[in-house]
Asker: 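This is the structure I have questions about; it appears just below.
Throughout, protein chains are lettered first and strands after them, A, B, ... in sequence-line order, and every chain is numbered starting at 1. Atom set for the values below is all heavy atoms of this structure, side chains included, hydrogens, waters and symmetry mates excluded.
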There are 4 protein chains.
Amino acid sequence: MARVKDPAKIDRLFEAALRHVLETGYAGLKMAEVAREAGVATGTIYTYFGGKADLINQLYRHLKQQKMEAIMQEHDPEAPLTQQIKLLWTNYFRDALGAPVRNHFIRQYEYSDLLDEESRKLHKNSYKPVYALLEKAKRAGLIRQLPVDTMTAFLIGGANEIAHQGFGQQIDLQEQDIERCYQLAWGAIKQV
Amino acid sequence: MARVKDPAKIDRLFEAALRHVLETGYAGLKMAEVAREAGVATGTIYTYFGGKADLINQLYRHLKQQKMEAIMQEHDPEAPLTQQIKLLWTNYFRDALGAPVRNHFIRQYEYSDLLDEESRKLHKNSYKPVYALLEKAKRAGLIRQLPVDTMTAFLIGGANEIAHQGFGQQIDLQEQDIERCYQLAWGAIKQV
Amino acid sequence: MARVKDPAKIDRLFEAALRHVLETGYAGLKMAEVAREAGVATGTIYTYFGGKADLINQLYRHLKQQKMEAIMQEHDPEAPLTQQIKLLWTNYFRDALGAPVRNHFIRQYEYSDLLDEESRKLHKNSYKPVYALLEKAKRAGLIRQLPVDTMTAFLIGGANEIAHQGFGQQIDLQEQDIERCYQLAWGAIKQV
Amino acid sequence: MARVKDPAKIDRLFEAALRHVLETGYAGLKMAEVAREAGVATGTIYTYFGGKADLINQLYRHLKQQKMEAIMQEHDPEAPLTQQIKLLWTNYFRDALGAPVRNHFIRQYEYSDLLDEESRKLHKNSYKPVYALLEKAKRAGLIRQLPVDTMTAFLIGGANEIAHQGFGQQIDLQEQDIERCYQLAWGAIKQV
DNA sequence: TATGAATGAGCCTTCATTCAT
DNA sequence: TATGAATGAAGGCTCATTCAT
């Protein structure tokens, strides 16, 4: 009988929230504006979300999940390790440049104390497959014998930096540019 | 004849503002709280700063200048290029880890539209010496033949990433850790 | 589907604003107090008015329109000119004494730079019918051959002065007093 | 030994206060701005005046006294009554047009509750000579047999109105204009 | 006496949230 | 469930007054 919650509204609310929260920050984000841009009444947000903090947390988890899926795209655990590393790095890089707003948001809130328990858990788990892969590669002597989190930092640091620098601009990398960038990243961690 | 403006107040206001703005964001930063923590009355802030935006801009320039000085510390333009690069990178890395709050703040506002003209100019100029150095190294065939901004991204990306991950935690790197990290960074850009 | 805007609130806000603005002046008028006296929350004012300046402008136009209607009450453009003048003057006088607060407010803000374009236009237009009537009377030789704005000043000056002096007191003029006062006003402008 | 209060500063403070209080109202008047325009430090005002209210009261009395002197200029209690009335009216009119700012200020605060006892007393006394003169003229059958305050209202109302309308503009009345205006005023009260 | 930095109460306005419809 | 008017707490900034110099 009663109308049911409308998933399309949630998406529109997510979009509107994301569009603004990076420009204004959490405290500057206006619920009324999010509502207006999503085409719903102010009060309606509270049917879908517990409040501002909940909206941001749900948005975080929504985007984080998208990003994790993007990175694991076509991943084959049976493939050679170097190939797996390259695929994951390339996925990460493409995603960082292709969805800079989403990635900027995730980085911004990753370590903020706005995130609730559930969001934090998701974040923590997101590193696991990468760390596991690098541990294998270490044992295989393919990469340097350094802590995996350090090497991860250098792998994704360059990608994040380029995304950060190009934030707001149109970036149009060719396949060969990606290949070159990967060589930089790989040059950093590969066993010498 | 009257009380004279007290520069120490400015420093205390800077400290208090920095301490809070990263936790709360610009919109969440409360002038009254900054004042209270700096040990002055609310209104006193406005004797030293034009308002919230001006406080943040002056803070940005203050910290950016500190960072630029830290990076150029002991820099010798006559030294061998590889040595110069290593010194600058090491300075950058030490600073990123040693003053994570300051660096986080700078990165946060670097591309925000809160920065005024003067602040933007400072930011723009900050890259010049590094780019110039890398151009020389490229011509000397010491590093890859890639755009200097791309290589810069991979140089500082790892450092930023580690600082970002370790934000809020106590990081205690040994000299040899720094050396190892530099090898990662240098491995990324060095001519193969 | 939601609560609907309540025009009665506007009236209550007008009343409260008028009650205070003459005592305190514009800068001294407190929005919170206006709201409290109107029986609404502070923020509610901003549902109906753009802010303090807008509240005062809308109040001005509201009262000015009331006053204009009061003056033109029962005006008959076909009636003899002297009769028209007498009617308008009497209406003006009755209104000045009967609604001294309203009239004081209008005079106070009439030439202030708080008035926006729309309010100024209203003010400007309000003189037109009186000036037109006096011009006709001049051509008919009924009144002195002097500029109509000068004569208008003497017509309404006495009325305003009495209202001004009696401001805050209870004035209870009899019909014959009004008649006598009109004789003073008419004595000033009538052709000798 | 100690320097003594400087009368020139008082004048400059009066001037600055008068210049602003009409534009902004009492609550909008800024002590710091008055001080700056008078060329003294903010705190110095408090050497000369007890505070904002005292500044305005002293200013009122200062200006009121100036005005009373201007009106009584060349007054000769032995002269014929009609001549005395004409002189006082003319003085009043010239003063209203010649010092519109001063007169506007006086009118504005005349009935405000900002005035202290001393100021109120001065105001009350200022009417006495005019009322006495009109009483004599009434007894002599020169003017209408109406209350003197009513007739006073019509005498000065026109003058005030013209000053009010011309407020802020340059008014340049010729001698003959003044004569004509007096005829209007006299026409109102003279015995018919 | 003069200065102007310092104080902090106070006010306009905003906006997350609630609730009558 | 959807709406948007209503609420009122909170924050940036101002400014009369004080006071150290």
Side-chain angles (χ1 to χ4, degrees), chain A residues 1-6 9 26-36 39-55, chain B residues 1-6 9 24 27-36 39-55, chain C residues 1-6 9 24 27-36 39-55, chain D residues 1-6 9 26-36 39-55:
Chain A
M1 273 304 182
R3 257 170 298 177
V4 83
K5 286 191 186 181
D6 178 357
K9 273 191 190 131
Y26 176 78
L29 183 70
K30 300 175 202 171
M31 296 299 265
E33 191 160 15
V34 171
R36 191 175 47 70
V40 302
T42 311
T44 305
I45 294 189
Y46 294 83
T47 303
Y48 292 88
F49 300 98
K52 200 168 161 179
D54 183 51
L55 170 62
Chain B
M1 270 167 148
R3 236 173 295 189
V4 80
K5 280 196 190 183
D6 179 0
K9 282 202 186 100
T24 61
L29 182 70
K30 298 175 210 170
M31 296 300 266
E33 188 154 53
V34 171
R36 192 174 47 70
V40 301
T42 311
T44 304
I45 296 189
Y46 296 85
T47 302
Y48 294 90
F49 300 98
K52 201 170 163 180
D54 183 50
L55 170 61
Chain C
M1 267 171 150
R3 239 171 294 188
V4 81
K5 282 196 189 181
D6 179 0
K9 283 203 184 100
T24 61
L29 183 68
K30 298 176 210 171
M31 295 300 266
E33 188 153 54
V34 172
R36 192 174 48 70
V40 299
T42 311
T44 304
I45 295 188
Y46 296 84
T47 302
Y48 294 90
F49 300 98
K52 202 169 163 179
D54 183 51
L55 170 62
Chain D
M1 271 300 182
R3 257 168 298 178
V4 83
K5 286 192 187 182
D6 178 356
K9 274 192 190 130
Y26 176 78
L29 183 69
K30 300 174 202 172
M31 296 299 265
E33 190 160 17
V34 171
R36 191 175 49 71
V40 301
T42 312
T44 305
I45 294 188
Y46 294 83
T47 303
Y48 292 88
F49 300 98
K52 200 168 161 179
D54 182 50
L55 170 61

Asker: Report yes if a side-chain nitrogen or oxygen of C:K9 is closer than 4.0 Å to either non-bridging phosphate oxygen (OP1 or OP2) of F:dA5; otherwise report no.
Answerer: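 No.
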Asker: Looking only at the side chain of D:Y48 (C-beta and beyond, no hydrogens), which of the listed nucleotides F:dA6, E:dA2, E:dA5 gets closest?
Answerer: E:dA2
Asker: In whole angstrom, give the distance that lies between atom CG of D:D6 and atom P of E:dT1.
Answerer: 12 Å
Asker: Could you say whether C:I45 or B:G50 is positioned toward the 5' end of DNA chain F, judged by the nucleotide with the nearest heavy atom to each?
Answerer: C:I45
Asker: Identify, between B:T47 and C:A53, the residue whose nearest nucleotide on DNA chain E lies closer to the 5' end.
Answerer: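 Its nearest nucleotide being more 5', the pick is B:T47.
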Asker: Collect all protein-nucleotide pairs involving nucleotides 8-12 of chain F in which both atoms are nitrogen or oxygen and the distance is under 3.5 Å.
Answerer:
from   : atom 1 : to    : atom 2 : distance (Å)
F:dG8  : N7     : C:G43 : N      : 3.4
F:dG11 : OP1    : B:K30 : NZ     : 3.0
F:dG12 : OP1    : B:L29 : O      : 2.4
F:dG12 : OP1    : B:K52 : NZ     : 3.1
F:dG12 : OP2    : B:M31 : N      : 2.9

Asker: Just the rounded figure in Å: distance from C1' of F:dA20 to CZ of B:R3.
Answerer: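 Whole-Å distance recorded here is 5 Å.
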Asker: Between A:T42 and A:A32, which heavy-atom pair has the shortest distance, and what is it?
Answerer: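 What the structure gives for the nearest pair is CG2-CA, 4.1 Å.
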Asker: For the residue pair A:G28 and B:A27, what are the closest heavy atoms and their distance?
Answerer: N-CB, 3.5 Å
Asker: For DNA chain E, produce a single dot-bracket line, 5' to 3'. Pairs: Watson-Crick or G-U wobble, both distances under 3.5 Å. Symbols: ( ) within strand, [ ] crossing, | other strand, . unpaired.
Answerer: .||||||||||||||||||||
Asker: Hey, is the main chain of A:L55 close enough, under 3.5 Å, to the side chain of A:Y48 for a donor-acceptor pair?
Answerer: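 Looks like no, no N/O pair under 3.5 Å.
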Asker: Are A:K9 and A:T47 close enough that some pair of their side-chain heavy atoms sits under 4.5 Å apart?
Answerer: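 No, their side chains stay 4.5 Å or more apart.
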Asker: From C-beta outward on C:K5, which listed nucleotide comes closest to its side chain: F:dA5, E:dA5, F:dA2?
Answerer: F:dA5
Asker: Please report the distance, rounded to the nearest Å, between CZ in C:F49 and P in F:dA5.
Answerer: 15 Å
